[in-house]
Amino acid sequence: MNISVLTRVSIFSLSLLFLSACQDDDDRVAQEVTPEFIWTQNWDGAPLANADFDVTPLTNANGETLTLSKLVYLISDITFTNAQGESFSAGDYNLVDAREGLGLSFSPDVLIPEGIYTVAFRFGFDDEDNALDYAFLNSADGGWNVPAMLGGGYHFMRMEGKYINTQTIPESEVNFQYHTIRAADPSTTPVTLQDTSFLVNLGQVTIDENTTIEVKMNVAEWFKNPNTWNLYELYTMLMPNFDAQVLMSQNGANGVFSLGTVTD
Amino acid sequence: MKKCLVIGVVLTALWSCQSDDAPAYTATPMPLDIPAFFASSILPPVIPLDNPQSVEGVALGKKLFYDPILSANGTQACADCHLPSNSFTDNRQYSIGSEGDVGTRNSMPLFNIAWNFEQRFFWDGAEATLENQIFEPVVNPTEMNNTWRNVTESLDASPIYPELFSAAFGTTKIDSVGVSKAIAQFLRTLISSNAKFDRHLTDQVPLTPEEQRGLAIFLDESRGDCFHCHGNPNTPLWTDNRFHNNGLDEFFTDRGLGAVTGDPRDDGLFKTPSLRNLAFTAPYMHDGRFNTLEEVIDHYSEGLVYSETISPLMKNVATGGVHLSPEEKSDLKAFLLSLSDQSFIENPVFQNN
């Protein structure tokens with residue numbers, strides 16, 4: 001059969017490739033590598049594992065006690081810039097689902113020469129990326145996209161949970177949805193939009209073969225700085241709330257993300 | 001490096017030695033007819049590598065789906081609880097098995113299931129693939145109450161099945177795997193993509209003002225906010241195929257996903273059903289407790305009940321919901337019905353003919 005001959009030929013050439021790849025190994029030339037990113041989540045330093053969701057009480061800066069049910073977020077455009085100012089980026093994205101443990105490790109689709117780089121990424125999508133259509137994201141988490149009525153594009157983060165309302169007798173649990181998207185004011189025509197994605201600079205990292213870079217998210221920071229988050233006021237319907245989106249973005253850009261352990 | 005060389009040579013040698021003379025049987029390929037909007041907006045359908053769609057496989061699967069031969073007493077086919085006229089569910093609250101036993105759950109409509117990306121089937125996600133799922137009803141005592149041994153014997157003895165199996169899989173050996181593969185192939189062809197709302201998106205068929213207002217409520221975080229679980233106009237599925245507690249009960253007689261995972265955090269969680277074809281799929285919810293869409297909408301509007309595992313997406317639980325006005329409720333209903341696809345339930349290709 002033609003097909004099997006073809007397959008055989010390609011396996012043969014694969015084997016040849018394999019051979020030459022092995023040869024390269026012996027006389028070490030400068031290598032091109034792809035670092036791996038590990039996304040971890042903590043609450044003021046205490047790691048958040050699957051078992052903490054819906055269970056572990058957490059206290060935010062405003063003093064509310066809450067539990068988290070869901071934490072899913074989007075990062076994009078990981079960029080490596082060397083001392084000469086030369087940048088490398090695959091321009092791709094990764095969706096992290098902290099509870100389900102999906103997307104916790106990610107290697108951007110880029111090869112860079114070993115060396116020292118300033119590493120940065122974007123939380124969410126900038127307007128350019130937000131304008132595109134992604135079958136993967138449309139299919140992820142029940143549709144990661146944002147309906148046109150709410151400004152279109154994609155969610156940046158869905159953090160959901162329950163906080164304890166101590167002002168009722170007896171105390172009661174109230175659902176909150178801390179969803180971040182591009183700020184949109186649907187009450188104007190056309191909808192007023194403002195890019196609320198932000199750049200995170202992780203600083204300098206030495207990248208060799210097999211480098212893994214931990215990026216920590218301190219979830220408590222979303223409620224802290226510069227805006228002390230009051231869940232009694234801002235717990236729901238935040239997507240169409242333009243000002244709330246700007247406040248969330250400010251908090252996000254302020255100490256939520258930091259460089260963790262770098263290993264070779 | 002020497003090691004690599006050896007591996008390379010062995011690989012090449014191995015391959016060259018393999019003989020050509022075991023021609024695997026291939027039935028006539030029949031790729032799914034994927035609607036353009038599905039192809040452009042979401043991931044491709046999930047089709048296992050070891051069960052490609054074929055003309056003969058789909059034909060066999062359809063025959064089996066409508067044939068009571070799969071039940072122990074020869075009285076019940078899959079289609080008795082999954083009727084085409086009901087978008088492949090039935091109109092009973094609880095399904096009734098071949099021996100008259102009453103189940104505890106509402107039957108489920110069957111369409112677009114090739115796009116259930118996480119492949120968790122049943123109300124509680126108990127089955128991990130479509131092929132696996134099909135093993136279950138045949139031997140479930142409150143459904144077809146059969147044994148696979150008995151099924152294969154009846155099929156072997158039938159005048160038609162050995163030939164159909166051989167056309168589909170190149171073997172006259174009939175087994176449960178073949179049965180489940182063929183039915184799965186048929187079920188994957190059940191694609192619904194031609195509701196009024198679909199034609200609104202593709203051909204600009206206008207929505208009525210009620211439908212339009214209903215859509216706005218569906219997407220409005222302060223009113224319906226249905227879209228975080230049931231999808232939105234950018235994608236065609238109208239479900240997230242995930243599991244949530246949408247506030248039906250304070251205590252659970254059926255633990256749903258919790259009984260499957262053993263995790264109390266999953267108690268009372270059930271699969272989000274698609275909102276397509278609601279016109280044909282009453283009664284609603286996993287236990288068929290609501291007979292009408294009005295009752296469903298009343299539930300979300302003022303009937304929400306708190307329990308520990310309730311989804312954080314449910315709004316104003318303390319007061320039962322967001323309290324839609326009567327106009328908002330009828331607008332929401334009008335929009336929901338625009339997702340029903342008459343041509344799907346009438347499609348002659350899916351019927352027993």
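Lettering follows sequence order; numbering is per chain, from 1. Remember, it's a predicted structure, so these values are computed and weren't measured experimentally.
Side-chain contact of B:Asn232 with A:Asn145: a donor-acceptor pair under 3.5 Å is present, judged by distance alone.
In this structure, the separation between OH on B:Tyr306 and OG on A:Ser172 is 9.0 Å, given to the nearest 0.5 Å. To the nearest 0.5 Å, atoms CG (A:Asn138) and OG (B:Ser40) are separated by 9.0 Å. Atom-to-atom distance recorded for B:Ile310:CD1 and A:Glu173:CD is 9.5 Å, nearest 0.5 angstrom. The line from CE of A:Met239 to CZ of B:Phe227 is 4.0 Å long, rounded to the nearest 0.5 Å.
Annotation for A:Asp109: atom CG does not count as buried by contact number, only 12 or fewer foreign heavy atoms lying within 6.0 Å.
Residues A:Asn175 and B:Val317 are in side-chain contact: their nearest non-hydrogen atoms beyond the backbone lie under 4.5 Å apart. B:Arg265 is listed as a side-chain neighbour of A:Arg99, based on a closest heavy-atom distance under 4.5 Å. Using a 4.5 Å heavy-atom cutoff, the side chains of B:Leu313 and A:Gln177 are in contact. Residues A:Asp54 and B:Glu308 are not in side-chain contact: their nearest non-hydrogen atoms beyond the backbone lie 4.5 Å or more apart.
Of the listed residues B:Thr309, B:Leu219, B:Thr235, the one with more heavy-atom pairs under 4.5 angstrom with chain A than any other is B:Leu219. Here A:Asp141 is the residue among A:Val174, A:Asp141, A:Asn165 with the most heavy-atom pairs under 4.5 Å with chain B.
With sequence neighbours left out, the ring-ring contact (aromatic ring centres under 6.0 Å, His included) criterion links B:Phe270 to B:His286. Contacts of A:Tyr134 classified as ring-ring contact (aromatic ring centres under 6.0 Å, His included), with partners at least two apart in sequence or in another chain: A:Tyr93, A:Phe125, A:Tyr154.
Within the 3.5 Å criterion, the main-chain N or O of B:His228 finds no donor-acceptor partner in the side chain of A:Arg158.
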